[in-house]
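Counting starts at 1 for both ligands and their atoms, in listed order. These values consider heavy atoms only, across backbone and side chains, with no hydrogens, waters or symmetry-generated copies.
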Amino acid sequence: MFGDVYAGRRVFVTGHTGFKGSWLTLWLLDLGADVTGYSLGPPTEPNLFDAAKIGTVEAKRPMGAGRFTDLRADVRERRALGKALEMAAPEIVFHLAAQPLVRRSSAEPHLTYETNVMGTVNVLEEVRALAASGRGPRAVVNVTSDKCYENLETGHAYVEGDPLGGFDPYSSSKGCSELVTAAYRRSFFGESGMPRVATARAGNVIGGGDWGEDRILPDCARALSAGQPIEVRNPGAVRPWQHALESLSGYLCLGASLLRDAGETGDEPNGFDGAWNFGPGSDAALAVREVVELFLEAWGGGEWRPAPGAAQQPHEAGLLVLDAGKAARELGWRATWSVTDAINATARWYAEFYRGAEPEALLALCRGDIAAYCDAAAGSGAAWAASEVSA
Ligand SMILES: NC(=O)c1ccc[n+]([C@@H]2O[C@H](COP(=O)([O-])OP(=O)(O)OC[C@H]3O[C@@H](n4cnc5c(N)ncnc54)[C@H](O)[C@@H]3O)[C@@H](O)[C@H]2O)c1
């Protein structure tokens with residue numbers, strides 16, 4: 001998959017102990033990359049990183065195992081970040097570390113902006129310093145969110161050139177992170193030989209191993225495993241649904257294209273260094289109620305009811321749909337799994353976890369999901385899955 005672009009590459013992942021970071025780290029190690037993770041500890045208990053013992057995975061290589069370096073530090077600490085980048089000397093950086101919760105952003109806006117905006121500044125500033133000494137990475141993928149757009153609630157599908165905004169501090173911090181990245185790209189990274197810097201915008205994702213606050217499928221699994229009905233806060237709210245592997249395949253595909261673009265020859269950038277939407281297919285917008293019912297079907301029983309006080313929930317932005325046409329045309333990426341595929345995989349993962357599966361079994365389940373996802377992507381004609389991307 002991805003040709004052999006990641007095999008033997010030095011990759012730096014911030015936020016590697018988080019939900020998406022854990023899946024990404026595992027996928028990269030299985031692609032043969034040497035991964036350095038830089039992050040605070042896992043944000044929840046339980047969490048995927050510990051549950052599947054991602055920290056013990058070694059990179060898969062034909063000629064012996066590769067390296068995984070697990071650094072625990074703060075993206076707000078620029079010096080520590082700079083030292084870690086210098087030590088790891090990555091060829092590519094995936095920046096995922098963030099305070100990713102909308103509700104928490106309203107309770108702790110300062111922390112959210114400090115982490116999500118100054119964290120991005122710190123990553124780009126340290127990459128700039130390394131690049132100036134000729135030891136910079138060739139590419140950076142900054143993971144933001146579909147919430148970075150000014151959501152006008154008109155129902156139109158957002159394209160990359162639409163205005164940025166964000167109602168709550170989390171959404172606006174991701175809009176800011178986009179603006180910071182664009183300014184660094186234009187001011188410092190536009191020349192040949194400099195790192196190619198891109199941003200990736202995807203919506204809420206689901207998948208095994210997420211225990212983030214206010215996320216409906218972890219709530220479902222927790223309630224059902226305790227033999228209780230699921231309490232649903234916003235049963236009528238319609239949202240897009242996408243498996244984590246969907247957005248991660250987009251990040252990896254984008255990273256592979258950036259690496260190819262930033263060849264050793266120092267060619268001029270040819271357009272991969274910009275913003276990219278990785279949205280689900282058009283059938284992916286479902287009401288929370290429908291998703292809960294699909295989850296119950298996949299779980300094999302149980303029931304749900306509206307949560308007490310469901311009507312007094314804080315402001316929630318209306319449905320925001322991403323247009324992922326640019327990624328399809330220029331990267332050959334497309335959404336692959338149906339909502340049902342994504343929910344079935346997620347329910348299977350949580351069922352195993354709550355049945356008391358060992359870490360090795362959970363890791364095998366993750367690898368099984370990645371393999372099934374790649375097979376489906378290859379079957380659906382996704383260019384990256386057909387190994388057309390090469391360094
Ligand atoms: N999960 C989603 O549905 C979703 C949707 C769109 C975008 N995103 C983005 O994807 C990224 C990962 O999200 P996630 O769901 O895996 O979140 P998560 O909460 O599971 O993981 C966040 C990671 O960031 C780390 N982190 C937080 N503050 C830090 C700091 N100050 N210094 C260093 N590390 C820090 C945590 O330790 C953790 O490893 C985030 O940037 C998020 O905004 C997530």
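Residue contacts with ligand 1, taken as heavy atom pairs separated by less than 4.0 Å, involve Ala73 solely via the backbone atoms N, CA, C and O. Residue Ala98 touches ligand 1 through backbone and side chain together, judged by heavy-atom distances below 4.0 Å. The proximity of Gln99 to ligand 1, defined as any non-hydrogen pair under 4.0 Å, does not occur for either the backbone or the side chain. Contacts with ligand 1 closer than 4.0 Å are made by heavy atoms of both the backbone and the side chain of Asn204. Contacts between Ala244 and ligand 1 below 4.0 angstrom, taking non-hydrogen atoms only, are absent altogether. With a 4.0 Å cut-off on non-hydrogen atoms, Leu101 does not touch ligand 1 at all.
Considering backbone and side-chain atoms alike, Tyr38 places every N or O at 3.5 Å or more from each N or O of ligand 1. In terms of polar-atom proximity, Leu40 is counted as a contact of ligand 1, with an N or O under 3.5 Å from an N or O of the ligand. Between Lys174 and ligand 1, at least one N/O pair is under 3.5 Å apart. Remark: ligand 1 and Ala202 share no N or O pair separated by less than 3.5 Å (distance only, no angle test). At a 3.5 angstrom cut-off on N or O pairs, Pro42 does not count as close to ligand 1.
Around atom 16 (O) of ligand 1, the closest heavy atom drawn from Lys20, Arg201, His16 belongs to Lys20. With atom 37 (O) of ligand 1 as the reference point, the heavy atom nearest to it among Ser22, Gly18, Gly41 is part of Gly41. Ranked by closest heavy atom to atom 7 (C) of ligand 1, the top entry among Thr144, Val143, Val205 is Thr144. Taking each of Thr115, Asp146, Thr112 in turn, the one with a heavy atom nearest to atom 28 (N) of ligand 1 proves to be Thr115. Summarising the contacts of atom 42 (C) of ligand 1 with Trp211, Phe278, Tyr170, the nearest heavy atom is found in Tyr170.
Ligand 1 is approached by Arg215 to a heavy-atom distance shorter than 4.0 Å. Residue contact check for ligand 1: Gly119 places no non-hydrogen atom closer than 4.0 Å to it. Note on ligand 1: Phe49 sits outside its first shell, no heavy atom being nearer than 4.0 Å. Distances from ligand 1 to the non-hydrogen atoms of Gly212 include no value under 4.0 Å. Put simply, no part of Lys147 is less than 4.0 Å from ligand 1, judged by heavy atoms.
Salt-bridge check for Arg128 with Glu125: passed, with a basic side-chain N closer than 4.0 Å to an acidic carboxylate O. Glu126 has a carboxylate O that lies under 4.0 Å from a charged side-chain N of Arg78, or vice versa, which qualifies the two as a salt bridge. Asp34 and Arg10 are not joined by a salt bridge, as no carboxylate oxygen comes within less than 4.0 angstrom of a charged side-chain nitrogen.
Counting heavy-atom neighbours within 6.0 Å of Glu358 CD, excluding the residue itself, gives a total of 12 or less.
Using a 3.5 Å distance cut-off with no hydrogens or angles, the side chains of Asn142 and Thr181 do pair a donor with an acceptor. Side-chain atoms of Ser177 and Thr120 include a donor-acceptor pair closer than 3.5 Å. Between the side chains of Asn47 and Thr44, not a single donor N or O lies within less than 3.5 Å of an accepting N or O. Using modelled atom types, one finds no donor on one side chain facing an acceptor on the other under 3.5 Å when comparing Gln99 with Tyr113. With no hydrogens or angles considered, a side-chain donor-acceptor pair links Ser249 and Trp333 at under 3.5 Å. Checked by atom type, the side-chain pair Trp304/Glu293 shows a donor-acceptor distance below 3.5 Å. Checking Asp369 against His243 by side-chain atom types alone, no donor-acceptor pair falls below 3.5 Å.
Counting only heavy atoms of the protein, atom 36 (C) of ligand 1 lies nearest to Ser39 OG, 3.7 Å.
Not a single donor-acceptor pair under 3.5 Å links the side chain of Asn344 to the backbone N or O of Asp341.
Near Asp74, meaning under 4.0 Å from any of its heavy atoms, are these atoms of ligand 1: 30 (C), 31 (N), 32 (N), 33 (C). Contact atoms of ligand 1 toward Ala97: 24 (O), 34 (N), 35 (C) (distance under 4.0 Å to a heavy atom of the residue). Using a 4.0 Å cut-off to heavy atoms of Arg76, the atoms of ligand 1 that qualify are 31 (N).
When the ring-ring contact (aromatic ring centres under 6.0 Å, His included) test is applied to Tyr149, the partners found at least two apart in sequence or on another chain are Tyr158. For the ring-ring contact (aromatic ring centres under 6.0 Å, His included) test, no residue two or more places apart in sequence or in another chain qualifies with His95.
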